[in-house]
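Chain identifiers are assigned alphabetically (A, B, ...) following the order of the sequence lines, protein sequences preceding nucleic acid strands; residue numbering begins at 1 within each chain. Values below: all heavy atoms of this structure, side chains included; hydrogens, waters and symmetry mates excluded. The model shown is predicted, which means the values in this text are computed figures rather than measured ones.
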Amino acid sequence: MAQKPSIPKGTRDFNPQDVAKRNYIFSTIRSAFETFGFQPIETPSFENSSTLMGKYGEEGDRLIFKILNSGDYLSKVDNKYYLDKNSSMLTPYISEKALRYDLTVPFARYVVQHQNEIDFPFKRYQIQPVWRADRPQKGRFREFYQCDADVVGSNSLWQEVEFVQLYDAVFTALGLHGVTIKINNRKILSGIAEVIGAQDKLIDFTVALDKLDKIGEEKVKEEMLGKGIPQSGIDKLQPLFSLSGDFGAQVTELKSILETSEEGRQGIEELEFINKGIEALGLKTATLQLDVTLARGLNYYTGAIFEVAAPEGVKMGSIGGGGRYDDLTGIFGLKDMSGVGISFGLDRIALVLEQLNLFPETITNTVKVMFINFGEAEGMASMKAIKVLRENDISAELFPDKKKTVKQFNYANKRNIPFVVLVGESELADNTYTLKNMASSAQETITLDTLISALK
RNA sequence: GUGGUUGUAGCUCAGCUGGUUAGAGCGUCGGUUUGUGGUACCGAAAGUCGCCGGUUCGAACCCGGUCUUCCACCCCA
């Protein structure tokens with residue numbers, strides 16, 4: 001055998017069973033999106049580099065897949081950068097396009113570009129692959145699908161309420177019960193930073209706070225101190241580390257911490273509105289949980305921040321995330337356009353469903369009936385019947401070769417084909433069909449009309 | 001990007017401190033007399049031991065590099 005071919009790091013092939021399972025998730029999400037009034041759009045898999053670069057922070061820029069220019073791309077390069085081997089300066093000269101890194105920034109570009117054709121508020125969903133030059137791990141790929149729903153052009157907090165409901169609806173429909181929808185608000189984080197005198201260190205502060213459940217209270221304090229946050233401020237955080245109780249109790253605690261911060265108080269108000277809405281409307285299987293340490297999220301979030309964690313006991317990074325960004329389109333020149341949205345990580349959801357064995361057994365993409373091949377004349381009779389079955393929306397096929405029946409049955413078995421039809425010498429003479437149910441082994445010899453109704 | 005880890009037939013894995021023709025189970029293919037599968041029995045094919053280089057009389061095994069896998073950072077879906 002020759003050298004085995006392979007695919008790039010962090011990419012995968014999907015076999016028919018995989019595709020069937022993924023399609024099941026896609027269609028569940030898609031139908032929920034549409035039920036909530038979202039409309040689909042699609043954008044190109046690659047954008048101009050200038051559209052993407054600088055939108056995800058320094059880290060993000062590094063993870064964007066750049067596309068090499070065509071032609072003699074080195075001829076345009078400034079000798080200085082070339083000879084210095086200065087990659088970051090050289091890149092813009094040799095790469096003008098890049099694969100999309102997420103669906104939100106291309107969406108912002110889309111909104112600005114098509115602002116005159118769009119009726120606001122605009123609710124769109126988008127299900128497409130994205131690419132990141134990340135180092136792969138489990139549940140972490142270089143090519144994966146995001147399923148995004150966003151609304152632009154409305155400041156209403158009802159949108160946030162709806163997104164919580166949407167998460168609940170999708171995961172309930174997928175049978176993935178017990179997910180936790182964590183919610184926080186960027187304004188609360190800013191407020192806390194303000195109160196402890198670290199407003200200029202918001203990022204450092206949130207990054208440290210985010211690690212609370214991972215490295216513990218002491219280490220978090222150490223890190224904050226190391227980043228130059230005053231001890232007096234850290235002391236004020238004490239109540240934060242011991243936040244407990246239900247949503248209401250935590251909010252009360254927060255209020256006392258954030259008394260002096262206008263922004264913080266606003267964040268709390270928003271949070272309370274969302275929680276009140278969800279309490280009144282109810283969730284089917286998910287839980288909404290306030291998580292003040294939830295600080296992840298891209299630089300552009302300005303209000304609510306969401307993240308969805310798989311049910312307890314499943315080791316997997318977040319399976320969804322999102323939030324409110326007041327000025328996303330601002331970077332492309334369209335001001336005062338608030339957006340809020342969420343994303344589902346299809347690939348991780350698939351892994352979780354697989355692990356918990358939650359895929360319905362009925363997910364298959366096999367044909368319903370296979371005709372055994374007994375020879376040329378029998379084959380012709382079979383093909384005629386198959387034609388009629390297909391016209392009746394029944395998937396059917398003829399085993400192409402006249403092999404031993406044992407082999408043909410084996411094949412049908414392995415492909416999980418539920419029914420087999422035999423058209424041999426006697427059936428040919430009588431103009432009948434022997435239909436066998438592979439699961440029960442029962443078989444009967446019937447006419448074409450009966451065959452059709454039996455398989456419908 | 002940093003540190004670690006993995007890689008042997010299609011799949012899951014054995015292979016003792018380097019020693020002669022690298023094994024098993026499952027799967028695949030063929031057969032158990034030619035119209036009936038998922039069971040049983042018999043038989044066969046299939047591996048430049050991830051790739052490149054080095055050490056050695058000799059390497060799947062030791063060393064270096066590289067790719068891949070997974071893990072921890074980082075970041076995220």
Exercise. Checking all strands, does A/Gly320 fall into the base, sugar-phosphate, or nothing category for heavy-atom contacts under 4.0 angstrom?
Worked result: sugar-phosphate

Seminar exercise, completed: Of the candidates B/G38, B/U69, B/G30, the side chain of A/Lys403 sits closest to B/G30

Problem set entry | P gap between B/U39 and B/C26, integer Å | 11 Å

Problem set entry | Check: A/Lys55 side chain, A/Ser50 main-chain N or O, donor-acceptor pair, under 3.5 Å | yes

Exercise. How long is the span from the CZ atom in A/Phe399 to the CE atom in A/Met370, to the nearest 0.5 Å?
Worked result: 6.0 Å

Exercise. Should A/Lys404 be listed as having a side-chain N or O under 4.0 Å from OP1 or OP2 of B/C29?
Worked result: no

Exercise. Does OP1 or OP2 of B/U69 have a side-chain N or O of A/Gln137 closer than 4.0 Å?
Worked result: no

Exercise. When all nucleic acid strands are considered with a 4.0 Å heavy-atom cut-off, which category describes A/Gly375: base, sugar-phosphate, or nothing?
Worked result: nothing

Exercise. For B/C29, does OP1 or OP2 lie under 4.0 Å from any side-chain N or O of A/Lys414?
Worked result: yes

Problem set entry | B/C13 and B/A77, which share atom name C1', separated by this distance in whole Å | 33 Å

Problem set entry | Side-chain (A/Lys123) to main-chain (A/Phe36) donor-acceptor, under 3.5 angstrom | yes

Problem set entry | Pi stacking test for A/Phe144 and B/A77: under 5.5 Å apart, planes under 30° | yes

For this session: Give A/Leu422 one of three labels, base, sugar-phosphate or nothing, depending on what nucleic acid heavy atoms sit under 4.0 Å from its own.
Result: base

Exercise. Is the backbone of A/Glu444 close enough, under 3.5 Å, to the side chain of A/Thr434 for a donor and an acceptor to pair up by distance?
Worked result: no

Seminar exercise, completed: With the side chain defined as heavy atoms from C-beta on, A/Ser441 is closest, among B/C75, B/G35, B/G38, to B/G38

Problem set entry | Sugar-phosphate, base or nothing in reach of A/Gln408, heavy atoms under 4.0 Å | nothing

Exercise. Looking across every strand, which nucleic acid part, if any, lies under 4.0 Å from A/Tyr145 by heavy atom: base, sugar-phosphate, or nothing?
Worked result: nothing

Exercise. When you measure from the side chain of A/Asn413, which nucleotide among B/G38, B/A77, B/U69 comes out closest?
Worked result: B/G38

For this session: Looking only at side-chain atoms of A/Lys138, point me to the closest of B/C71, B/G37, B/U36.
Result: B/C71

For this session: Looking at every strand, decide which applies to A/Glu427 at a 4.0 Å heavy-atom threshold: base, sugar-phosphate, or nothing.
Result: base

For this session: Identify whether any heavy atom of A/Gly317 sits under 4.0 Å from a base atom; if not, whether one sits that close to sugar-phosphate; answer base, sugar-phosphate or nothing.
Result: nothing

For this session: Determine the contact category for A/Lys211: base if any of its heavy atoms lies under 4.0 Å from a base atom, sugar-phosphate if only primed atoms, P, OP1 or OP2 are that close, otherwise nothing.
Result: sugar-phosphate

For this session: When you get a sec, tell me which of B/G35, B/G1, B/U69 is the closest nucleotide to the side chain of A/Arg62?
Result: B/G1

Exercise. Are OP1 or OP2 of B/G30 and a side-chain N or O of A/Lys407 less than 4.0 angstrom apart?
Worked result: yes

Exercise. The side chain of A/Arg140 lies closest to which of these nucleotides: B/U36, B/G37, B/C74?
Worked result: B/C74

Exercise. Is a donor on one side and an acceptor on the other found under 3.5 Å between the side chain of A/Asp347 and the backbone of A/Phe144?
Worked result: no

Problem set entry | More than 12 heavy atoms of other groups within 6.0 Å of A/Tyr73 OH | no

Problem set entry | B/U2 to B/G58 separation - P atoms, rounded to the nearest Å | 36 Å

Problem set entry | Same-atom distance (C1') from B/G7 to B/G65, integer angstrom | 16 Å

